[in-house]
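Here it is, the structure, as structure tokens.
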Amino acid sequence: MPGFGSHPKRPLDALAIEPALLPARVARREFFLDATDRVARRLLGAWLVRRWRGILYGARIVEVEAYLGEKDAAAHSFGGRRTPRIAPMYGPGGRLYVFPIYGMHYCANVVTRREGVPQAVLIRAGEHPAAPAALLRGPGRFCRALGIVKADSGKDLVGSAEFEIRLDPVRGRGIDISERIGVDYAGEARKWPLRFSISGNPAVSRAPGRGLSIRSRHPGRAS
DNA sequence: CACATGATCGCCT
DNA sequence: GGCGATCATGTGG
């Protein structure tokens with residue numbers, strides 16, 4: 001049966017990872033309290049790691065989007081909107097915010113900033129050395145592959161036995177910047193350059209394209 | 001490759 | 001009652 005009922009709540013076996021292959025640097029609370037676009041960039045190359053029944057699973061993050069809270073018409077917390085679903089966004093940085101969408105998918109966010117400032121980074125795609133790229137390409141499939149569901153919303157990525165972030169940042173020029181996907185309803189905010197991806201990575205959900213990509217735009221032509 | 005559409009349901013109004 | 005931070009599939013060029 002399709003829909004949320006068929007969504008696994010545990011990671012796929014293919015996403016198991018040897019601890020020795022993970023970056024050593026574990027993200028602490030401070031990392032998540034920084035400006036959201038900076039956190040978003042630094043999450044590229046990082047691993048989201050999940051311990052499930054004593055075994056480590058995870059994926060390397062290759063594509064993200066920043067959502068800037070009350071002033072961002074694309075964000076669920078736009079205008080200070082606050083409902084039970086959105087509540088984790090108002091918590092301190094470093095927690096998960098997971099929401100269901102279209103009756104059949106979940107999207108996972110990393111909450112940023114201090115408590116009361118409802119901003120977050122959407123994880124749009126990842127990769128894993130032993131898994132086909134298609135498994136982790138796109139926010140819905142990323143969640144499915146790692147078994148992330150609504151019950152995970154609000155869980156802490158810091159000091160938790162279950163989830164953590166291992167940092168291995170990509171250096172500046174290796175990052176593409178473009179407009180966010182699927183937020184056409186957001187007025188001017190839909191054009192904000194808040195989507196970040198690792199340049200040329202085959203796991204990126206939609207190649208930044210046709211003038212949307214700031215990094216790939218032909219230089220020397222002012223607008 | 002570029003669009004267009006249907007699936008399916010929790011969440012908010 | 002309407003819609004969405006998506007995905008798979010289908011059509012046409």
Side-chain angles (χ1 to χ4, degrees), chain A residues 1-9 12 36-37 39-41 43-44 48 59 61-90 93 95-113 117-127 131-154 176-197 200 202-213 216:
Chain A
M1 354 188 322
F4 295 126
S6 67
H7 197 109
K9 64 172 208 204
L12 297 176
T36 300
D37 62 332
V39 176
R41 268 179 272 239
L43 280 173
L44 293 179
L48 174 60
I61 297 167
V62 304
E63 180 189 354
V64 297
E65 285 174 358
Y67 285 84
L68 303 186
E70 295 159 352
K71 60 185 184 298
D72 179 0
H76 291 161
S77 51
F78 177 56
R81 200 156 71 104
R82 186 167 193 163
T83 68
R85 175 183 69 145
I86 307 165
M89 282 193 79
Y90 287 82
R95 293 183 182 174
L96 281 174
Y97 165 50
V98 181
F99 64 92
I101 190 170
Y102 298 119
M104 56 187 84
H105 303 292
Y106 294 98
C107 291
N109 295 255
V110 174
V111 175
T112 61
R113 308 296 301 274
V117 181
Q119 305 193 10
V121 176
L122 170 69
I123 302 177
R124 284 197 56 91
E127 65 179 1
L135 274 185
L136 291 158
R137 185 189 292 123
R141 287 183 288 191
F142 184 93
C143 282
R144 168 169 288 269
L146 278 165
I148 293 172
V149 296
K150 180 77 186 311
D152 297 311
S153 196
D176 282 340
I177 306 175
S178 56
E179 297 171 7
R180 294 172 293 182
I181 304 295
V183 295
D184 289 349
Y185 56 84
E188 286 299 306
R190 72 185 197 157
K191 300 188 226 160
W192 294 357
L194 293 176
R195 176 178 177 234
F196 307 97
S197 58
V204 168
S205 66
R206 292 163 63 172
R210 292 171 318 204
L212 293 183
S213 171
S216 66

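Labels below follow one simple rule: chain letters A, B, ... track the order of the sequence lines, proteins then strands, and each chain is numbered from 1. Every value quoted in this text rests on a predicted model; they were computed, and no experiment measured them.
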With the side chain of A:Lys150 defined as its heavy atoms from C-beta on, choose the nearest nucleotide among B:dC11, B:dT13, C:dA8.
B:dC11
Side-chain ion pair, A:Glu179 and A:Arg195, N-O less than 4.0 Å
no
Of C:dG4, B:dA7, B:dT13, the nucleotide closest to the side chain of A:Ile101 is C:dG4
So is the aromatic ring of A:Tyr67 stacked onto the base of C:dA5, judging by whether the centres are under 5.5 Å apart and the planes are under 30° apart?
yes
Only pairs with both distances under 3.5 Å count, Watson-Crick or wobble alike; so what is the partner of C:dG10 in this structure?
B:dC3
For A:Ile123 and C:dT6, what is the distance between atoms CD1 and P respectively, to the nearest whole Å?
14 Å
Given atom NE2 of A:His76 and atom C1' of C:dT6, what is their separation to the nearest angstrom?
12 Å
Is A:Arg141 close enough to C:dA8 that one of its side-chain N or O atoms is under 4.0 Å from OP1 or OP2 there?
yes
Considering every strand and a 4.0 Å limit on heavy-atom distances, what is the contact class for A:Gly103: base, sugar-phosphate, or nothing?
base
Could you give the CG-to-P distance, from A:Asp184 to C:dT6, as a whole number of Å?
10 Å
Distance in angstrom units between A:Leu135 CG and C:dA8 P, rounded:
10 Å
A:Leu68 CG - C:dA5 C1' separation (whole Å):
13 Å
Which part of the nucleic acid, if any, lies within reach of A:Arg180 when heavy atoms closer than 4.0 Å are counted: base, sugar-phosphate only, or nothing?
nothing
C:dT6 phosphate, OP1 or OP2: any side-chain N/O from A:Arg124 under 4.0 angstrom?
yes
Can you measure A:Arg144 atom CZ to C:dA8 atom C1' for me and round it to whole angstrom units?
12 Å
For the pair A:Phe4 and A:Tyr106, name the ring-plane relationship: parallel under 30°, tilted 30 to 60°, perpendicular over 60°.
tilted
Please compare A:Ile86 and A:Tyr102 by the position of their nearest nucleotide in DNA chain B and report the one closer to 5'.
A:Tyr102
Distance in angstrom units between A:Tyr185 OH and C:dC3 P, rounded:
14 Å
With the side chain defined as heavy atoms from C-beta on, A:His105 is closest, among C:dA5, C:dC7, B:dT13, to C:dC7
Closest listed nucleotide, where the reference is the side chain of A:Phe4 and the choices are B:dC9, B:dC11, C:dC7:
B:dC9
Nearest whole angstrom, please: distance from the C1' of C:dA5 to the OH of A:Tyr106.
16 Å
Determine whether the side chains of A:Gln119 and A:Thr36 contain a donor N or O and an acceptor N or O closer than 3.5 Å.
yes
Kindly say whether A:Ala74 contributes a backbone atom to a donor-acceptor pair with the side chain of A:Asp72 at under 3.5 angstrom?
yes
Base-pairing mate for B:dT8 - Watson-Crick or G-U, with both contacts under 3.5 Å:
none
What heavy-atom pair brings A:Gly154 and A:Arg95 nearest, and what distance separates the two atoms?
O-CD, 3.6 Å
